[in-house]
Visitor: 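One structure, pasted below without further comment.
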Amino acid sequence: MAPQFIFPQNLNSLEEEEEENSSSSTRLSVRNPISISSLRPSELEELVKGVSFDLSAKEVFCIEEQEIFDKVYSLVKGFGRLSPACKLNLVESLRSNLSVLLPNVDLLSRVSLSGTRGNANGDGNDVDGEVVDDQNDGGMVVDRVASHRNAFKIYTFFLVHIVLIEEAASNTTSKMVAVSGRKRLPAHTWNWEPQRGRILTLIANSLDINLALLFGSSDPDENYLSFVVKNAFSMFENAMLLKDSDTKDALCRIVGTSATKYHYLAQSCASILHLIHKYDFVVTHLADAVAGAEKKYSDGSLATSLVREIGRTNTKDYVKDIVGAENIGRFLVELADRLPKLISTNIGLLVPHFGGESYKIRNALVGVLGKLVAKAFNDVEGEVSSKSIRLRTKQAMLEILLERCRDVSAYTRSRVLQVWAELCDEHSVSIGLWNEVAGVAAGRLEDKSAIVRKSALNLLIIMLQHNPFGPQLRAVSFEATLEQYKKRLNELGPKPAPENVRDDLSSDTETFNGDGEVHDEYMGTVTKEKNDSLPHSCLPQEEDGIDQRDNSVPDVGNLEQTRTLVASLEAGLSFSKCMSATMPTLVQLMASSSASDVENSILLLMRCRQFQIDGSEACLRKMLPLVFSQDKSISEAVENAFITIYVRKNPIETAKNLLNLAIDSNIGDLAALEFIVGALVCKGDITTSSLSALWDFFCFNISGTTAEQSRGALSILCMAAKLSPGVLSSRLQDVVDIGFGRWAKVDPLLARTACIALQRLSEEDKKRLLSTNGSRAFGILESLISGFWLPENIWYAAADRAIATIYSIHPTPETIASSLVKKSLNSVFGCCGGDELQNDVNSGSDNVVTTVQVTKLSRFLFVASHVAINQLVYIESCVRKVQKGRAKRDKMAAEQQVHAADASLEEKKDNSINAELGLAASEDAILDSLSDKAEKEIVSGGSSEKNLIGYCGPFISKLCRNFALMQKYPELQASGMLALCRLMIIDADFCEANLQLLFTVVESAPSETVRSNCTVALGDLAVRFPNLLEPWTENMYARLRDPSVSVRKNAVLVLSHLILNDMMKVKGFINEMAICLEDEDERISNLAKLFFHELSKKGTNPIYNLLPDILGKLSSQNLTRESFCNIMQFLISSIKRDKQMESLVEKLCHRFSGITDIKQWEYISYCLSQLAFTEKSMRKLMESFKSYEHVLSNDSVMDHFRSIVNKGKKFAKPELKSCIEEFEDKINKLHIEKKDQELTAQNAQAHKQRVESLGSFVVPKKEGEESGDSAVGDDGEVTDPSTEISHSKPNFVESNASSSSDVTELELDEDEVQSPYKDRRGVNKSMPKKSSTKSRIVNSHASTRRNIKSKRR
């Protein structure tokens, strides 16, 4: 029999054991190894063929033979030098022999069992003569088993080493490829991956047979298992190897079988946990291995041992090993997904880790609980007691999940909400728990972390999608249906419907399925009722008929069934109200700086609208302005949402949705709607059929169309025409006829919309309109402006658009505009008005104002000023046309010169001379001169003669200065100031002459409308005449303190526009804008925050330079401490650069110098504490100690410095940390010293005042000689009273009661001087009581008497 094969430590160890085994043949080792490197390829090929022939021709255990063993060893050792054909030949020979050997083990088992039975029978029949033969047969069986065992171990050993050698070679090749950057394959390659999979699968199969027959015990040889499992785990470290499914499955089987079937548990657990901690890619595969072992052998010992080991681990270890904690967490979740019942029985081992510091482990445990709730309780079989236990376990898990929604870590809170979303998606949340989960999710919408808000939004979206209450969730519908069934419930029985919905839903009429979902016994009836009745009750036209359907409520069964339905309806109503209550929060989230908040809020609102949640429609309209967002993802989300909500396949539905949206939108929403509609028309999302449907609505071709809907349709068509002017070309006649016809009197805004439509015409359409229907159109526009058929509140907007339309369409608009002004003037004064108006203005008469109608005068001022401003715009447009035409001509001339090959040199010389003389520049100068002259002629005129609007200027100025008249007629003041501001914008001289008046009105006008208009006008004036407005900058900032909210809002908008567009320098009044951060109106506060946010993006962040100035000015203003802190915290948070932070530390430290105000000390130190400190800034703070050491006596200042020190300790390295600790000790010591010095000085001052008061009472007694007591001793020396008080302490018994009490108080005061920890404020409070006149007189007399007595003694 061949020597026994024992697994060596490595392949080369077989040679090293040769000398040791030379004297003994107990272990099989290599005796005559062959040097593969010395063989020629032909010789090597012959050797491989010979070995393969021997292995195939002889018995499978022939590999025990020394010669074959040595050859195979040599070939395996030099496997990398073999050719692909030789490799394949050798591997196939070894693998086929091992595959043949495995069935032979089962045959051996039968022989062995028969021999064993024979021996057993022989033991009972000793008289038989066959005992010796049986023993011989038994010895042969033992030898044969030993040979099979040896061969089995040898084949396994060599095949595993082939895998290891080949994998090491492939890893080396892949590294070389990675370094070189090119994939260079060897000339002769072989397909190794299939061979590797077959080898490992064979080894895994070898573990499945009954190895106890080979190894003589239930567990195989320890060395064999150790060898196989060790190398299997080493292969798990190769990520590329695990991508092969056959290889991965074989390795998983090896690990699972070894640990479970052969009880190789402790070592396997340790190796698995080691791999999980080290490599993230093995988590899923090892979970598959553990789950496969449990499924195959119905033995969860491996999984249980792993969970136990994880549970035993100290929670602090996971804090240090972040990657390991994450991998362990993923592994637990994978296990819970594959083995939910097993993990549910061992979950108690993991629950303590909820109290650990590692949020990754808590995240994983939350995921585990989610998997268990969804999968661990699916079975419905079993006893009632076991069901009860399972339900209680599940309920405990759900309560943990609800509790973890308030975890300290945002990541864990987010993960919990994700788990709840998964449970809702899998229908594993009961109706009784539905509203509680919804309430938690709604509360998390206000979480400070963006990832938590995102998860909460996604959870609510999924809850709406999978809600068990029906497709429509309007509260009115639920209330109506609920009321009906409550009446039915009262009719069925005396007991009222239970108030607690959750108790009803968890009553004995329900059962839990495996998913944890509540199934009522009559759930089919409930669902049918919801599907039948709820949608009908949601229809608006049927709401009035609810009472009529009370008697026709479908019968759902007996009392319990009706009660269950009522409870379900109550739960649905609660859910609907919960979702409706989130609408204000969703509106705030749409204004969030986080794109995920905005996008998910829009998605949730879309889902709410789908289920008809109350308030969702109004909230969705507030998303429209977000289309202007600079974040492309947000603008795209708004467009997609708009298409989903409002664009339908039916063109009429699309048109109706769009026109209703235009009718109900405000100015801001209309601007956003115009942008969206224009973009969708260009993209084709709004089709031509939808535009045709809009024309049908406008032309009243669809029955039931109202004038308001017609206006809305025309508004949408105008929006589409802005980018596609051809939209209006086919219906010009309809626009004029309907827009200005009788329907305009029904809806006055229709005329204004028609004016906008005319402005949006293309140039060709404008010419066509002028040629075919121009006179009629302009006649209508004139009548609109000069007529009185429009209401007063509509006329101004319509006249504004009509005048703009005239200037947009008419070829010579100044002619028709002058006619309009004259007509308006005649309507006011009843004559041509020019001379009379001039005479009244020159004479200073107010008759012209007091004798006319205020309404007509207001309209005249509006028309005159609006014509003037449109004339200015018209002049500028004409200049641009001239410049554009000249540029076009120059470009064409240049092209002609380039292409003209026969251009004469004479012409070239002339062109070059013109260029040198600057004739083009002179043309620009002439054009600018003409433009300036034309602009001046609008108001002041180029000479002494003035035109009509020029005459109006002084009149308007005089009118606005008559404050008594303006206060009497506020509407007239609004029109007058608006006209004045327009004329000031046109002419610089007129502006300069009336600036004082404008600022007087903007500060003192009683009407907030007038002040708001003037504030906006100031912004326009600052843009047009910045030099004139610069001296009035402070007055412009003063509008930020206006009592009116609208004025302050306009002031913030105007100043933001001027500053952010570099039209106004950020001067020393920016603190006024900073105060707006704490404005009581949220809109103004948000605008101020937006301003500073945008300002911080400019250049190198101007806020950094402005911060010290803002700090100084805010410190001196009457601000609450909370407001100051909020303002400075917001401003400091906008500074991100470390260098700026370091410089601010130095600047703020220097501000302490020369400041004696304690309030400013506290404010500066607070600002310091809000900075983001770095190592350099901490060192600068410590270096500037001399600047602020005198302020450390203040407790509040000291608290701020302590917070800075605590911040520094968190990020400091050991060297810096020691410096910070020394600095902390230094400031603490100085603080105590300063406090002692202040307290000592305070008490000394108090003592000095008492001494002075005592002296003032002793002197009058000596002069008046009213008593025999004297302050002069026997030797004539005047004694210090304070000294006498100290000397008289032993004589307290002889003193009277009053004297004793007074002296005792003084002694306590002297003790206070010695105590460094006495509160200074307490001393101040006690001083007035001790310095009363009566106590000082008594004290003086007592001390004098004691002095005389002591001297006599």
Visitor: Assess whether a salt bridge exists between Asp669 and Arg621, defined as any Lys/Arg side-chain N lying under 4.0 Å from an Asp/Glu carboxylate O.
Guide: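 So Asp669 does not pair with Arg621 through a salt bridge.
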Visitor: Between Thr1015 and Asn1050, does the side-chain hydrogen bond (donor to acceptor under 3.5 Å, both in side chains) criterion hold? Intermediate values first, please.
Guide: CA-CA 7 Å; Thr1015 302; Asn1050 286 335; over 6 Å; no
Visitor: Work out which heavy atom in Leu983 is nearest to a heavy atom in Ala868; give both atom names and the distance.
Guide: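 Reported closest heavy-atom pair: CD2-CB, 3.9 Å.
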Visitor: Would you say the side chain of Glu708 lies within less than 4.5 Å of the side chain of Leu659, judging by non-hydrogen atoms?
Guide: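 Side chain of Leu659 against side chain of Glu708, heavy atoms only: no contact under 4.5 Å found.
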Visitor: Is Asp989 salt-bridged to Lys936, going by a charged N under 4.0 Å from an acidic O?
Guide: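 Here Asp989 pairs with Lys936 in a salt bridge, since their nearest N and O are under 4.0 Å apart.
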Visitor: Tell me yes or no: between the side chains of Ser808 and Lys766, is some donor less than 3.5 Å from an acceptor?
Guide: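 Yes - a donor-acceptor pair under 3.5 Å links their side chains.
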Visitor: Would you check if the side chain of Ser710 reaches a backbone N or O of Phe698 as a donor-acceptor pair within less than 3.5 Å?
Guide: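 Flag set: sc Ser710 to bb Phe698 pair under 3.5 Å.
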Visitor: Verify the neighbour count for atom CD of Glu764: are there more than 12 heavy atoms of other residues, nucleotides or ligands below 6.0 Å?
Guide: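 No - once you tally the heavy atoms of other residues, nucleotides and ligands closer than 6.0 Å, there are 12 at most.
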Visitor: To the nearest 0.5 angstrom, please state how far the CG atom of Leu959 sits from the CG atom of Leu972.
Guide: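 Here the interatomic distance stands at 5.0 Å.
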Visitor: Within the 4.5 Å heavy-atom criterion, are Glu1003 and Asn1035 side-chain neighbours or not?
Guide: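 In contact.
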Visitor: When you measure from the side chain of Ser771 to the backbone of Lys767, do you find a donor-acceptor pair of N or O atoms at a distance under 3.5 Å?
Guide: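 Checked: pair present.
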Visitor: Is there a side-chain hydrogen bond (donor to acceptor under 3.5 Å, both in side chains) between Glu814 and Tyr807? Walk through the geometry before answering.
Guide: CA-CA 8 Å; Glu814 61 273 9; Tyr807 272 90; over 6 Å; no
Visitor: Taking Thr706's backbone N and O only, do any of them form a donor-acceptor pair with Gln709's side chain (distance below 3.5 Å, no angle check)?
Guide: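 Flag set: sc Gln709 to bb Thr706 pair under 3.5 Å.
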Visitor: Okay, side chain of Trp1032, backbone of Phe999: is any donor-acceptor separation there less than 3.5 Å?
Guide: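 Not a single qualifying donor-acceptor pair exists.
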Visitor: As a test of understanding, state which of Asp800, Thr805, Val735 forms a side-chain contact (heavy atoms from CB on, under 4.5 Å) with Cys755.
Guide: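 When Asp800, Thr805, Val735 are each tested with Cys755, the side-chain contact (heavy atoms from CB on, under 4.5 Å) holds only for Thr805.
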Visitor: For Trp789 and Leu784, which heavy atoms make the closest approach, and how far apart are they?
Guide: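 Shortest heavy-atom separation between Trp789 and Leu784 comes out as NE1-CA, 3.9 Å.
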Visitor: Which value, rounded to the nearest 0.5 Å, describes the distance between Lys622 atom NZ and Ser665 atom OG?
Guide: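 These two atoms lie 12.5 Å from each other.
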Visitor: Are the side chain of Ser877 and the backbone N or O of Tyr874 linked by a donor-acceptor pair below 3.5 Å?
Guide: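 Side chain of Ser877 to backbone of Tyr874, a donor-acceptor pair under 3.5 Å: yes, one is there.
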Visitor: Could you check whether any side-chain N or O of Asn773 sits under 3.5 Å from a backbone N or O of Arg776, counting only pairs where one atom can act as donor and the other as acceptor?
Guide: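 The answer is no, because no donor-acceptor pair under 3.5 Å joins these two groups.
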Visitor: Provide the closest heavy-atom pair for Val681 versus Ser724 in the form atom of the first, atom of the second, distance.
Guide: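 In this case the closest contact between Val681 and Ser724 is CG1-OG, 3.8 Å.
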Visitor: Provide the closest heavy-atom pair for Ser729 versus Leu732 in the form atom of the first, atom of the second, distance.
Guide: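 Reported closest heavy-atom pair: O-CG, 3.9 Å.
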Visitor: Are the side chains of Ser858 and Tyr969 in touch, meaning some heavy atoms are under 4.5 Å apart?
Guide: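 Sidechains of Tyr969 and Ser858: no contact.
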Visitor: For Glu1030 and Lys1065: C-alpha separation, side-chain torsions, deciding distance, then whether salt bridge (Lys or Arg N to Asp or Glu O under 4.0 Å) applies.
Guide: CA-CA 9 Å; Glu1030 186 177 5; Lys1065 294 181 180 179; 5.8 Å; no
Visitor: When rounded to the nearest 0.5 angstrom, what distance separates CG in Leu980 from CG in Asn994?
Guide: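 That separation rounds to 5.0 Å.
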Visitor: Out of the candidates Ile875, Ile949, Ile938, only one should pair with Ile986 under the side-chain contact (heavy atoms from CB on, under 4.5 Å) rule; please name it.
Guide: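 It is Ile938, the one option of Ile875, Ile949, Ile938 that forms the side-chain contact (heavy atoms from CB on, under 4.5 Å) with Ile986.
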Visitor: Does any non-hydrogen side-chain atom of Cys699 lie less than 4.5 Å from one of Arg731?
Guide: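 The answer is yes; the side chains approach within 4.5 Å.
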Visitor: Would you say Ile716 and Met719 make side-chain contact, with heavy atoms under 4.5 Å?
Guide: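 Yes, their side chains come closer than 4.5 Å.
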Visitor: Is it the case that the side chain of Arg1048 and the backbone of Pro1043 share a donor-acceptor pair, with hydrogens and angles ignored and the cut-off at 3.5 Å?
Guide: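 Yes, because the side chain of Arg1048 sits within donor-acceptor range (under 3.5 Å) of the backbone of Pro1043.
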Visitor: Does CD in Gln733 sit with more than 12 non-hydrogen atoms of other residues, nucleotides or ligands closer than 6.0 Å?
Guide: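 Count over threshold, so yes.
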Visitor: Looking at Glu782 and Lys823, is any side-chain nitrogen of the basic one under 4.0 Å from a carboxylate oxygen of the acidic one?
Guide: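 Salt bridge present between Lys823 and Glu782.
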Visitor: At their closest point, which heavy atom of Val1047 faces which heavy atom of Ser1012, and how far apart are they?
Guide: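 Closest approach of Val1047 to Ser1012: CG2-OG, 3.3 Å.
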Visitor: Is it the case that the side chain of Asn1061 and the backbone of Met1063 share a donor-acceptor pair, with hydrogens and angles ignored and the cut-off at 3.5 Å?
Guide: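 A pair under 3.5 Å: no.
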Visitor: Could you check whether the rings of His866 and Phe862 sit parallel, tilted or perpendicular, using 30° and 60° as the cut-offs?
Guide: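 Plane angle under 30°, so parallel.
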Visitor: Quick check for you: to the nearest 0.5 Å, what is the distance between Leu825 atom CG and Leu820 atom CG?
Guide: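 Going from the CG atom of Leu825 to the CG atom of Leu820 covers 12.5 Å.
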Visitor: Using a 4.5 Å cut-off on heavy atoms from C-beta on, say whether the side chain of Leu1053 contacts that of Phe1091.
Guide: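 Phe1091 does not reach Leu1053 side chain to side chain.
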Visitor: For Arg760 and Glu674, what are the C-alpha separation, side-chain angles and deciding distance, and is it a salt bridge (Lys or Arg N to Asp or Glu O under 4.0 Å)?
Guide: CA-CA 13 Å; Arg760 298 286 169 85; Glu674 182 176 358; 3.1 Å; yes
Visitor: Is the closest side-chain heavy-atom distance between Leu1029 and Arg1024 below 4.5 Å?
Guide: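 Counting from C-beta outward, Leu1029 and Arg1024 never come under 4.5 Å.
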Visitor: Please round to the nearest 0.5 Å and tell me the distance separating atom CZ of Phe697 and atom CG of Asn660.
Guide: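 Rounded to the nearest 0.5 Å, the CZ-CG separation comes out at 8.0 Å.
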Visitor: What I want to check is whether the side chains of Ser931 and Asp928 have a donor and an acceptor closer together than 3.5 Å.
Guide: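 Short answer, no.
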Visitor: Does a donor on one side chain sit under 3.5 Å from an acceptor on the other, for Ser1007 and Arg1011?
Guide: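 Arg1011 and Ser1007 do not have a side-chain donor-acceptor pair below 3.5 Å.
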Visitor: Ignoring hydrogens and angles, tell me if any N or O in the side chain of Ser824 forms a donor-acceptor pair with the backbone of Val821 under 3.5 Å.
Guide: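 Between the backbone of Val821 and the side chain of Ser824 there is no qualifying donor-acceptor contact (under 3.5 Å).
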Visitor: Counting only heavy atoms not in Lys1098 (residues, nucleotides, ligands), do more than 12 fall under 6.0 Å from its NZ?
Guide: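 Enclosed: over 12 neighbouring heavy atoms sit under 6.0 Å from NZ of Lys1098.
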Visitor: Working to the nearest 0.5 angstrom, can you tell me the gap between Asp987 CG and Met984 CE?
Guide: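 These two atoms lie 10.5 Å from each other.
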Visitor: Are any side-chain N or O atoms of Arg801 and backbone N or O atoms of Arg752, one a donor and one an acceptor, separated by less than 3.5 Å?
Guide: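 Not confirmed, Arg801 side chain does not pair with Arg752 backbone.
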Visitor: Around atom CD of Glu992, are there more than 12 heavy atoms from other residues, nucleotides or ligands closer than 6.0 Å?
Guide: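 No.
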Visitor: Heavy atoms only: give me the nearest Cys1076-Val1052 pair and the separation to one decimal.
Guide: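 Result for this residue pair: SG-CG2, 4.0 Å.
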